[in-house]
Amino acid sequence: PMEFVIDILMSIFHKNYQEAEAITLMVHEQDRGLCGTFSHEVAETKVLQVTQFAKEHGHPLKAVMEEAY
């Protein structure tokens, strides 16, 4: 659900409600959204946090990291 994604964006990525809502809408419309640019280690940790949190709450949310160019 959208509120679950917004909660993750606010808690793990420290977005305010408006930013989290905009990213969530982007994911809904374009199947992906940018949560931030981080070092490899930080990005890897955030992907693991999202994946674990979603699994614990029974949601099939997918998080990936991509190399910036």
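The chain is numbered in sequence order, starting from 1. Side chains included, hydrogens not; waters and symmetry mates left out as well; all remaining heavy atoms used.
Residues Leu25 and Met2 form a side-chain contact, since some pair of their non-hydrogen atoms from C-beta on lies under 4.5 Å apart.
Residue Val27 comes nearest to Gly33 through the heavy atom pair CG2-N, 3.6 Å, listed as atom of the first residue, atom of the second, then distance. The shortest non-hydrogen separation linking Ala20 to Leu9 is O-CD1, 3.4 Å. Of all non-hydrogen atoms in Ala43 and Phe38, the two that sit nearest each other are N-CB, 3.8 Å.
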**OP:** Tell me, with the steps shown, if Met26 and Glu21 meet side chain to side chain contact (heavy atoms under 4.5 Å, CB included).
**Re:** CA-CA 9 Å; Met26 184 183 303; Glu21 185 177 49; over 6 Å; no
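The hydrophobic clustering, which links ILVMFWY residues whose side-chain heavy atoms are closer than 4.5 Å, places Ile23 and Val5 together.
If you take CE on Met65 and OG on Ser39, they are separated by 9.5 Å, rounding to the nearest 0.5 Å. Once rounded to the nearest 0.5 Å, the distance linking CG of Asn16 with CE of Met10 reads 7.5 Å. Note that CD1 of Ile8 is 14.5 Å distant from NZ of Lys15, once rounded to the nearest 0.5 Å.
Taking a cutoff of 4.0 Å between a charged side-chain nitrogen and a carboxylate oxygen, Glu41 and Lys46 do not qualify as a salt bridge.
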Give the table of side-chain donor-acceptor pairs shorter than 3.5 Å for residues 50-61, with sequence neighbours excluded, one pair per line with atom names and distance.
| from | atom 1 | to | atom 2 | distance (Å) |
| --- | --- | --- | --- | --- |
| Thr51 | OG1 | Val47 | O | 2.8 |
| Gln52 | NE2 | Glu56 | OE2 | 3.1 |
| His57 | ND1 | Phe53 | O | 2.8 |

